[in-house]
Amino acid sequence: MFAFAIRRLIQAAGVMLVVALISFLMFRFVGDPVNQLVGVDTTPEQRAQLRQDLGLNDPVHVQFARFIGKAARFDFGISYQIKQPVAQLIASRLPATLELSFVSAVFALLVGLPMGVYTGLYRDTLLSRLFLAVSLVGISLPTFLIGILLIFIFSVNLGWLPSFGRGETVSIGGFWTTGLLTRSGLVSLILPAITLGLFQMTLIMRLVRGEMLEVLRTDYIKFARARGLSRRAINFGHALKNTLVPVITITGLQIGSIIAFSIITETVFQWPGMGLLFLQAVQNVDIPIMAAYLLLIAFLFTLINFIVDLLYVAVDPRIRLGGTAG
Amino acid sequence: MYRQSFLSRAAGAVARASLVAGAMTAATFSANAQDKTLRFAFQGTLNALDPYSLNETFTLGMLGNVYEGLTKRDKDLTIIPGLAESWETIDPLHWRFHLRQDVKFANGNAFTADDVVFSAERVRADGSDLKTRIPADSVWTKVDDHTVDVELKTPNPILHYEWDTWYIMDKEWAEAEGATKPVSAKDTNPGPSAYKANGTGPFTIESHEPGVKTIFKANADWWGTVEHNLDGVVFTPIASDATRVAALLSGDVDLIEPVPVQDIDRVNSDPNTEALTGPELRVIHLGFNQIRDELPTSDIKGKNPFKDPNVRKAIYQAIDIEAIDKRVMRDLATPVPLLIAPQLFDAPDLKRWPYEVEAAKKLLSDAGYPDGFSVGMDCPNDRYVNDEQICQAVVSMLAKVGVTVNLNAQPKAQYFAKVLAPGGYDTDFYLLGWTPGSFDSWNVLVSLATCRDETGKGGPFNLGGYCNPKVDELAKQIVVETDTAKRNELIHQAYKIMLDETSHIPLHQQSLAWGKRKNLAIVQRADDQVLFYWAKLN
């Protein structure tokens, strides 16, 4: 188990380096940061000087080495645009993204799982068909459209929920801001969380449904029925438990994508998280922010993969690598 | 199926939204309106608060609520006294400024001549993006606590034209806080002026989270006559167009900028909101590469057709500006004959070349291109109002006279990297917008129309390299001529030459479009600065 973990960690570090390198290479195509940094009256000489001072004239590998060297010490430099340390900026935006991602993941699980179980058990009821139809919407409409649609229905038309932002936030311990403790924070969370979680919800529901249908056809369920176990025990104790391995995998991986792809939801709702920070950085060619964000996301994905791998082993002992007897 | 009925219901809801929104939300949010806090959303963010970090309209406009210059500009952009009560030119090389007394900075420090001299040094220091605000070789001396002398090396009739956005900072505060140098991108440890402000203006900044929220409070100790009735302002960036409009319609904000052109009707049709539109000073123009011997993107080899003024005039006459302004700009743009807005320099006798396809064909044919030619065009797609659509319209219009244009529309970050000096001015035909920071023609001529070399020495934004020594000579005279009538005559001459030679194709002034709740009254100045001190909430 330990060796397995170590091996995975080394692989993860390699993956992160590669991701960082690729993203760094891509920065050369996003445009000229200097032009975003100065006004129109700045002379070409001053622009050239700034370019030199920022180290943009160095070869890519030199810039990359400098970046990695500093990143190893958690120094991601100063944002070109905002003129504040990038690490500090990302840290201040992290709570917003994590809260949104967490709430939408919980929403997806709490809604998707029962819906999946229900549609798996009662395939042909009207409610099942309805769930499936809704899930089709969730999977086929692009996120930004769902977001805009929700804003127009619930903010503009009905006036129930705020159209953008995070509402009032409370600071906990000076480093974490939360919207979960204020009324305006909670109502602000509803639309973005649904928008972000809808796709995951659909995914989980369809996955659970498929697995349930599969499992319910297997022999051990038939035997369990024959033994006269209660429906409840069969459905939840036996069938559901065995559907959970793929669900854990997908959910785990999806948490990564929820965080990473919250960019769109954050943009639609002007949610002040890391995704929005990243998108603004791309528009302004704010390379220090882009580099740090991409590295962070790479870290997140490798971390989640790692945890998922470990969870596998916990849930299903047969997968245990390194071969303990059994 | 259910899916369809859901979709059709949703669509219905969106369609109804504009009708119902007002009644529903007015009730919900009336509580917020009571406290006279203006909630304002702009498409971009307010970055560093240091007033010398970035020479850009929005940043300077926002900071203009907090900081003040020696001069200010009124609602119609006339120069009026600011922190300087009055000024005189003792001789063309010697100006004297009499400063306003009893002015205090937000932290309570008194405003004196020392602050002006300090700010004059700071704005010229390394890292400042506003170095051009004052001549580098001018000498600033304190005469007494409320008088400052400026000595120049060459006469400069427009010395104080840009001072409404050169904000005076507090020397004591800057020294105590370690903010004596302008915050620049290359700083590894930016000072507090990146996120704190201490100005003399009608508002103070209470908190600033870049990209999230900035809170302004009315300054009770401000020296001037208060024209607004606000307690404060909450500024939030909202990048997404649809969300920004929705925030206005739902009453979550009182003022948005900009309203996308296609949403203006929508905003006006809501009983509680309206769009505020007016011509912006920015002039959008097309430019030709006239410096290359051969255009890399053209099928004409061995020569550059754009070097021939008749070809340039043909292109000009083939473009139907009325059609562009009607269809692309939805009647919100104002066609102009010069590279400067008529509000800033009016020359009624200089008119646009008329739109005449036949004349254009004849000009092309006479110039030796009866079958036309092909050329590549560079165009930004996220910089000006409907920039890419304008270029597309131009492409289809030029096709009618045989000129095949291959359009390369791209985000501004890439566009400017290609067409400006660092990219080697790599463009044959382009679209660009220009507002002179000084609101004066000299800036237009020297930036867009004087000769330049490959490295950008000369007219740095003369992307096509138009060059006429007579225009250069006129520009040199204009910058030192202190007699206004004579100076205007020189400016007129320069514009006449450029028009006759079709140096560029001026298209139009784009329109400002702000969206506001009807209970808000605010002044929309043609320079697009959002100034809270003229805002009233009812």
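Side chains are part of it too, since the values below use all heavy atoms of this structure and drop only hydrogens, waters and symmetry mates. Labels below follow one simple rule: chain letters A, B, ... track the order of the sequence lines, proteins then strands, and each chain is numbered from 1.
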For A:Val268, is there any backbone N or O sitting under 3.5 Å from a side-chain donor or acceptor partner on B:Thr243? yes
Not counting sequence neighbours, list each pair that qualifies as a salt bridge (Lys or Arg N to Asp or Glu O under 4.0 Å) and has a residue in residues 42-58 of chain B. B:Asp50-B:Arg122
Residues, nucleotides or ligands: over 12 heavy atoms within 6.0 Å of B:Trp166 CH2: yes
Tell me the closest heavy-atom pair linking B:Ser53 and A:Lys83, and the distance in Å. OG-CE, 4.3 Å
So the side-chain hydrogen bond (donor to acceptor under 3.5 Å, both in side chains) pairs with at least one residue in residues 276-291 of chain A (sequence neighbours excluded) are A:Ser79-A:Asp286
Distance col, row B:Ser250:OG vs A:Phe154:CZ, nearest 0.5 angstrom, shows 14.0 Å
At a 4.5 Å cut-off on heavy atoms, which part of B:Pro210 comes close to chain A: side chain, backbone, both, or neither? both
Side chain A:Gln270, main chain B:Pro237, donor-acceptor under 3.5 Å: yes
Please identify each residue that fulfils side-chain contact (heavy atoms from CB on, under 4.5 Å) with B:Pro380, with sequence neighbours left out. B:Arg383, B:Tyr384, B:Asp387, B:Tyr415, B:Leu431
Relative to chain A, which segment of B:Ser447 carries a heavy atom at a distance below 4.5 Å: side chain, backbone, both, or neither? neither
Can you measure from CZ (A:Phe144) to OG (B:Ser240) and round to the nearest 0.5 angstrom? 10.0 Å
Gap separating the CG atom of A:Leu37 from the CG atom of B:Asn47, nearest 0.5 angstrom: 9.5 Å
Report which part of A:Arg166 has an atom under 4.5 Å of a heavy atom belonging to chain B: side chain, backbone, both, or neither. neither
With only heavy atoms counted, which part of B:Asn443 is less than 4.5 Å from chain A, the side chain, the backbone, both or neither? side chain
Pick one of side chain, backbone, both or neither for A:Val38, based on which atoms fall under 4.5 Å of a heavy atom in chain B. both
Show your working on side chain to side chain contact (heavy atoms under 4.5 Å, CB included) between B:Thr45 and A:Gln81 and close with a plain yes or no. CA-CA 10 Å; B:Thr45 59; A:Gln81 295 287 331; over 6 Å; no
Could you state the interatomic distance from CD (B:Glu209) to CD1 (A:Ile82), rounded to the nearest 0.5 Å? 11.0 Å
In residues 65-72 of chain A, which residues are in contact with chain B at a heavy-atom separation under 4.5 Å? none
I'd like to know if the side chain of B:Asp252 and the backbone of A:Ser163 have a donor-acceptor N/O pair within less than 3.5 Å. yes
Quick one: CD1 on B:Ile238 to OG1 on A:Thr267, what's the gap to the nearest 0.5 Å? 12.5 Å
Between B:Phe416 and chain A, with a heavy-atom cut-off of 4.5 Å, which part of the residue counts as in contact: side chain, backbone, both or neither? both
